Amino acid sequence: MTSSSKTMALVELPLGQPGMAYVSRCLENETSFLQDVRRLSFHGGSVFGVVPEGTDLKRAVDFEPSLDIGMKGPNDWLTNRMIARCRANPQSVIVFDEPWGGRRNSPEVARRTAPKFFHRNFVYHFVAADQASAPTIDAAMRAGGGFLFIAAFVDYPFTADQIDAEGAIDDRLMQTLAANVREIYVSAYDHDSYVVWQR
């Protein structure tokens, strides 16, 4: 990998139906949030890949192989996008799903310091809009485990005050969060970058 490839300009390349199919497959995991998102908000919209300038569509819809660009550029891109969305929508939250990560009662989850809540047996990290910054988003991104990264921009005023004494939220609030998803961010290209669904 060359140093120039790490600083390559990134573009948002529309991915059409293959992109929709990729995000849909990624949402087929078991967590309650992803189940509710598929049912309540993942309809229509558009999908793009965050790829190096000059990447052709055929390469961009091959989601498994690495793009050989390193993670810094795409991670910076995602962090900046999340911050921008939160600033434009001060009554919003970013929810970080853990499709194959920790579970509610695990010691590993208990040690995590990034803000989190539970729904059923699943753990979610979050960054409320008024707390959105590079350090808080980075902490939430690093807190989760598992091979697949999924996060969502939710246009709803969720705060820590809505979490009960056990650290959990109820079904109704989870469904409200899922129904108000406006963007979904999914890792792709062997974790080199992201695919984004928006509506």
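No experiment lies behind these values; they were computed from the predicted model shown. Note that these values count all heavy atoms, side chains included, but never hydrogens, waters or copies made by symmetry.
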Contact between Ile69 and Pro74 at the side-chain level, heavy atoms closer than 4.5 Å - yes or no? yes
How long is the straight-line distance from CD1 of Ile94 back to CD of Gln131, given to the nearest 0.5 Å? 13.0 Å
Please check if the number of heavy atoms outside Arg39 that lie under 6.0 Å from its CZ is greater than 12. yes
Test side-chain contact (heavy atoms from CB on, under 4.5 Å) on Gln198 and Arg182 and set out the steps. CA-CA 6 Å; Gln198 61 184 356; Arg182 298 294 179 263; over 6 Å; no
Euclidean distance, Asp155 CG relative to Leu177 CG, rounded to 0.5 Å: 11.5 Å
Would you call Glu12 and Arg81 a salt bridge, using N to O less than 4.0 angstrom? yes
Considering all heavy atoms, the nearest Glu64-Tyr22 contact: OE2-CE1, 4.4 Å
Test item: side-chain donor near acceptor, His119 and Asp170, under 3.5 Å: no
I need the Leu27 CG to Ile150 CD1 distance, nearest 0.5 Å. 5.5 Å
Between Thr31 and Arg120, a side-chain donor and acceptor under 3.5 Å: no
Heavy-atom closest pair, residues Arg199 and Ser41: NH2-CB, 3.5 Å
So that I can tick it off, tell me whether Lys72 and Asp76 are bridged by a salt bridge, with the cut-off set at under 4.0 angstrom between side-chain N and carboxylate O. yes
So how far is it from Asp171 CG to Ser32 OG, rounded to the nearest 0.5 Å? 8.0 Å
Could you pull out the closest heavy-atom pair between Leu67 and Pro52, with the gap in Å? CD1-CD, 3.9 Å
Plane angle bin for Phe33 and Tyr124 - parallel if under 30°, tilted between 30 and 60°, otherwise perpendicular: perpendicular
For Arg85, all residues meeting salt bridge (Lys or Arg N to Asp or Glu O under 4.0 Å), sequence neighbours excluded: Glu183
For Glu53, I'd like to know if atom CD has over 12 heavy atoms of other residues, nucleotides or ligands within 6.0 Å. no
Answer with yes or no after comparing the ring centroid distance for Phe149 and Tyr194 against a 6.0 Å cut-off, counting only values under it. yes
Closest non-hydrogen atoms of Leu57 and Pro14, given as atom of the first, atom of the second and distance, are CD1-O, 3.5 Å
For Ser92 and Val154: C-alpha separation, side-chain torsions, deciding distance, then whether side-chain contact (heavy atoms from CB on, under 4.5 Å) applies. CA-CA 6 Å; Ser92 63; Val154 182; over 6 Å; no
Does any non-hydrogen side-chain atom of His125 lie less than 4.5 Å from one of Pro115? no
For Phe153, ring pair (Phe, Tyr, Trp, His ring centres under 6.0 Å) partners two or more places apart: none
Charged N-O contact under 4.0 Å between Arg59 and Asp56: no
Could you tell me which non-hydrogen atom of Phe63 sits nearest to which non-hydrogen atom of Pro18, and how far apart they are? CE1-O, 3.7 Å
Measure from the side-chain N and O atoms of Arg38 to the backbone N and O of Ser24, and report whether any donor-acceptor pair falls under 3.5 Å. yes
Val50 versus Leu13: any side-chain heavy-atom pair under 4.5 Å? no
Enter the distance from Ile169:CD1 to Gln162:CD here, rounded to the nearest 0.5 Å. 8.5 Å
Under the side chain to side chain contact (heavy atoms under 4.5 Å, CB included) test against Leu15, which residue among Val23, Val51, Val195, Val196 passes? Val195
Distance (rounded to the nearest 0.5 Å) between Ser187 OG and Asp192 CG: 10.5 Å
Could you tell me whether the side chain of Thr176 reaches within less than 4.5 Å of the side chain of Asn180, counting heavy atoms only? yes
Hey, is the main chain of Glu166 close enough, under 3.5 Å, to the side chain of Asp164 for a donor-acceptor pair? yes
Got a donor-acceptor contact below 3.5 angstrom from the Trp197 side chain to the Gly44 backbone? yes
Does Met82 form a side-chain contact (heavy atoms from CB on, under 4.5 Å) with Tyr185? I'd like the steps, not just the answer. CA-CA 10 Å; Met82 289 177 170; Tyr185 316 103; 3.6 Å; yes
Give me the atom names and distance for the closest heavy-atom approach of Ala139 to Ala114. O-CB, 4.0 Å
Under the side-chain contact (heavy atoms from CB on, under 4.5 Å) criterion, do Leu148 and Cys26 qualify, and how do the steps go? CA-CA 8 Å; Leu148 180 65; Cys26 292; 4.0 Å; yes
I'd like to know whether the aromatic ring centres of Phe158 and Phe126 sit less than 6.0 Å apart in this structure. yes
Treating Ile, Leu, Val, Met, Phe, Trp and Tyr as nodes and any side-chain heavy-atom pair under 4.5 angstrom as an edge, say whether Leu40 and Val186 lie in one connected cluster. no
Among all residues two or more places apart in sequence or in another chain, which pass the side-chain contact (heavy atoms from CB on, under 4.5 Å) test with Thr79? Ile83, Ala134, Ile137, Met141
